[in-house]
S.K.: 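For reference, the structure I am asking about is given below.
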Amino acid sequence: MAEVKFSNVQKYFGDLHIVKDFNLDIEEGEFIVLLGGSGCGKSTTLRMLAGLEKITDGDVYIGDRWVNDLEPKERNIAMVFQSYALYPHMNVYQNIAFGLKLSGMSKDDIHKKVSWAAEMLQIEALLDRKPKALSGGQRQRVAIGRAMVRTPDVFLFDEPLSNLDAKLRNQMRTEIKQLHRKLGKTTIYVTHDQVEAMTLADRIVIMNGGAVEQVGTPQEIYDKPSNTFVAGFIGSPAMNMIKCGLQSGHSDWRLQIGQQEVALPKSKLLLPESSPSEIVLGIRPGNMHLRPEALHHDNFLSVKANIATSELLGPTVQLSGQLGGQKLIAEVPAKEDPGENVDVDVFVDCRALHFFDQNNGLTLQ
């Protein structure tokens with residue numbers, strides 16, 4: 001196992017600045033997920049660590065080794081790709097053993113390692129099959145097995161589940177998490193899927209436009225997003241972003257949401273006195289209620305909203321409408337369904353509210 005360190009890493013493709021001043025210290029045995037949309041630089045960052053892309057500037061360390069100029073084979077890493085990258089003319093055993101054979105390992109040692117990986121991944125019955133005879137999930141297990149037998153310092157995963165259907169993704173996600181617990185290897189995993197990130201990661205690195213927006217545990221990222229980008233990226237349905245005015249009185253804050261003015265004691269909204277007069281109020285859909293008794297206390301914000309449509313999702317309904325002339329999504333228990341084209345009172349626990357500066361998007365809390 002090994003620690004990994006990125007120090008002021010930059011990547012240019014011509015005039016395009018793809019990765020901007022990337023800094024990250026990864027602890028030994030930690031599971032890190034690089035999360036972001038297409039083109040945010042997450043896969044390029046992973047490929048620079050692997051040695052598959054040249055670093056334009058900055059430094060990368062694996063353990064105590066500076067690896068900028070080392071060839072991929074010299075870095076003692078193993079990478080699992082989205083495309084599996086299996087040799088079609090080889091069976092499963094041969095695919096897993098290929099790298100070991102090239103390294104000159106004895107047949108007995110190769111057999112022990114392949115058997116160990118196959119047993120751990122539950123693919124012992126597949127060792128004689130060619131890749132074309134395997135399902136997507138089975139191929140991905142073979143690709144992981146090929147990486148495992150090399151006993152690397154660091155595992156790298158580049159969107160490994162993107163080609164699988166939803167059910168298989170869930171299953172493989174669980175297996176990868178269990179595998180990490182068993183092996184305890186430093187793991188860096190790239191994905192655009194927030195569910196994968198939230199369920200797998202010890203810490204998440206959210207990237208946008210080549211830069212790091214926030215680093216934290218899944219709970220920290222969800223509970224305390226650093227800006228509107230992170231707040232809108234994490235959570236499904238996405239957080240509601242309601243533009244409103246803010247004024248500070250002697251003992252209360254006054255929120256101007258469209259034509260509504262809502263006064264709340266300052267003790268309920270922990271905002272700095274220097275807060276701007278124009279803010280974004282962030283409300284997660286699941287934190288909204290249509291009955292105040294659902295909150296079991298009086299520490300709530302009450303606003304009027306219009307509900308246009310209601311969609312049943314089993315135990316909950318997803319409501320779409322407007323608050324202060326702005327788009328609103330709420331997810332409430334099915335028994336609270338108000339119907340469609342109705343005006344309702346919406347209640348939100350003040351402790352679940354988020355406040356952002358409307359000009360720069362940064363959190364005010």
Side-chain angles (χ1 to χ4, degrees), residues 35-38 165-167 169-170 191-199 206 208 218 221-223 225 227-246 254-264 268-269 278-356 358 361 363:
L35 174 66
S38 298
D165 61 46
K167 183 178 180 180
R169 276 201 306 272
N170 291 342
T191 184
H192 63 274
D193 187 325
Q194 61 166 297
V195 175
E196 286 181 28
M198 294 290 284
T199 55
I206 295 187
N208 178 34
I221 296 282
Y222 185 84
D223 289 340
N227 55 43
T228 52
F229 176 83
V230 176
F233 197 85
I234 293 292
S236 182
M239 182 185 289
N240 294 287
M241 301 289 183
I242 308 297
K243 293 181 179 180
C244 60
L246 176 69
R254 293 188 175 272
L255 298 175
Q256 189 71 40
I257 307 174
Q259 300 301 311
Q260 300 180 64
E261 184 174 271
V262 182
L264 288 170
K268 294 185 178 181
L269 299 182
E278 293 185 332
I279 68 167
V280 175
L281 177 64
I283 312 174
R284 293 204 180 276
N287 288 333
M288 308 177 81
H289 302 272
L290 302 185
R291 298 176 181 174
E293 62 268 19
L295 297 173
H296 305 296
H297 56 71
D298 60 358
N299 190 28
F300 56 77
L301 169 74
S302 175
V303 291
K304 294 188 180 297
N306 175 265
I307 302 302
T309 62
S310 170
E311 297 176 287
L312 180 64
L313 302 176
T316 63
V317 288
Q318 183 170 301
L319 309 175
S320 301
Q322 289 195 336
L323 171 60
Q326 301 172 68
K327 181 181 177 182
L328 181 76
I329 300 292
E331 194 167 308
V332 302
K335 63 183 179 182
E336 294 184 19
D337 187 358
E340 300 183 337
N341 299 315
V342 294
D343 294 324
V344 298
D345 290 315
V346 175
F347 303 91
V348 185
D349 187 334
C350 289
R351 295 168 297 185
L353 295 175
H354 299 267
F355 301 90
F356 306 94
Q358 205 172 119
T363 184

S.K.: To check you understand the geometry: which heavy-atom pair defines the closest contact between Met241 and Ala231, and what is its length?
M.R.: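 Closest heavy-atom pair between Met241 and Ala231: CE-CB, 3.4 Å.
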S.K.: Show every side chain to side chain donor-acceptor pair (under 3.5 Å) that has at least one partner inside residues 303-312, sequence neighbours left out.
M.R.: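 Every pair satisfying side chain to side chain donor-acceptor pair (under 3.5 Å) with a residue in residues 303-312: Lys304-Asp345, Asn306-Asp343, Ser310-Asp337.
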S.K.: Mind checking the CZ-NZ spacing from Arg291 to Lys335? Nearest 0.5 Å is all I need.
M.R.: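 NZ of Lys335 is found 6.5 Å from CZ of Arg291.
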S.K.: To the nearest 0.5 angstrom, please state how far the OG1 atom of Thr228 sits from the NE2 atom of His354.
M.R.: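 One finds 12.5 Å between OG1 of Thr228 and NE2 of His354.
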S.K.: Stepwise, does the side chain to side chain contact (heavy atoms under 4.5 Å, CB included) test hold for Leu290 with Leu319?
M.R.: CA-CA 11 Å; Leu290 302 185; Leu319 309 175; 4.0 Å; yes
S.K.: Find out whether Pro225 and Ile234 are in side-chain contact, i.e. whether some heavy atom of one side chain is under 4.5 Å from a heavy atom of the other.
M.R.: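 Not in contact.
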S.K.: Would you give the length of the straight line joining atom CG of Asn287 to atom CG of Leu301, rounded to the nearest 0.5 angstrom?
M.R.: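 Between atom CG of Asn287 and atom CG of Leu301 there are 12.0 Å.
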S.K.: Salt bridge check: are Asp349 and Arg351 linked by an N-O gap of less than 4.0 Å?
M.R.: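 A salt bridge links Asp349 with Arg351.
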S.K.: Ile329 versus Gln318: any side-chain heavy-atom pair under 4.5 Å?
M.R.: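 The answer is yes, as the side chains (C-beta and beyond) meet within the 4.5 Å cut-off.
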S.K.: CG of Leu328 to CG of Asn240: how many Å apart, nearest 0.5 Å?
M.R.: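 So the gap between those two atoms works out to 4.5 Å.
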S.K.: Mind listing the closest non-hydrogen atom pair of Ala238 and Gly232 along with its distance?
M.R.: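 In terms of heavy atoms, the two residues are closest at CB-O, 3.6 Å.
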S.K.: Kindly compute the distance separating CG (Asn208) from CG (Asn227), expressed to the nearest 0.5 Å.
M.R.: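 CG of Asn227 is found 8.0 Å from CG of Asn208.
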S.K.: Please name the pair of heavy atoms, one in Ile257 and one in Cys244, separated by the smallest distance, quoted to 0.1 Å.
M.R.: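 That would be CG1-CB, 3.9 Å.
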S.K.: Keeping Gln194 on the side-chain end and Gly235 on the backbone end, is there a donor-acceptor pair under 3.5 Å?
M.R.: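 Side chain of Gln194 to backbone of Gly235: a pair is present.
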S.K.: If every non-hydrogen atom of Gly314 is compared with every non-hydrogen atom of Ala334, which pair is closest and at what distance?
M.R.: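 Shortest heavy-atom contact: O-CB, 3.8 Å.
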S.K.: Working to the nearest 0.5 angstrom, can you tell me the gap between Leu246 CG and Gln256 CD?
M.R.: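 It comes to 11.0 Å.
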S.K.: Can you see which heavy atom on Pro237 is nearest to which on Glu331, and at what distance?
M.R.: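 For Pro237 and Glu331, the tightest heavy-atom pair comes out as CD-OE1, 3.4 Å.
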S.K.: So Arg169 and Val195, do their side chains get closer than 4.5 Å, heavy atoms only?
M.R.: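 Side-chain contact under 4.5 Å: no.
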S.K.: Quick test of your reading: applying ring pair (Phe, Tyr, Trp, His ring centres under 6.0 Å), list the pairs with at least one residue in residues 303-326, sequence neighbours left out, ordered by first then second residue.
M.R.: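 Residue pairs passing ring pair (Phe, Tyr, Trp, His ring centres under 6.0 Å), neighbours aside: none found.
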S.K.: When you measure from the side chain of Gln326 to the backbone of Lys243, do you find a donor-acceptor pair of N or O atoms at a distance under 3.5 Å?
M.R.: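 Yes, Gln326 side chain to Lys243 backbone: donor-acceptor pair under 3.5 Å.
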S.K.: Quick test of your reading: applying ring pair (Phe, Tyr, Trp, His ring centres under 6.0 Å), list the pairs with at least one residue in residues 302-347, sequence neighbours left out, ordered by first then second residue.
M.R.: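 Counting only pairs at least two positions apart or across chains, the ring pair (Phe, Tyr, Trp, His ring centres under 6.0 Å) contacts touching residues 302-347 are Phe300-Phe347.
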S.K.: Determine, stepwise, if the pair Leu323 / Val346 fulfils side chain to side chain contact (heavy atoms under 4.5 Å, CB included).
M.R.: CA-CA 9 Å; Leu323 171 60; Val346 175; over 6 Å; no
S.K.: If we only count heavy atoms from C-beta on, is the Thr363 to Phe355 side-chain gap below 4.5 Å?
M.R.: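 Heavy-atom side-chain distance check fails, nothing below 4.5 Å.
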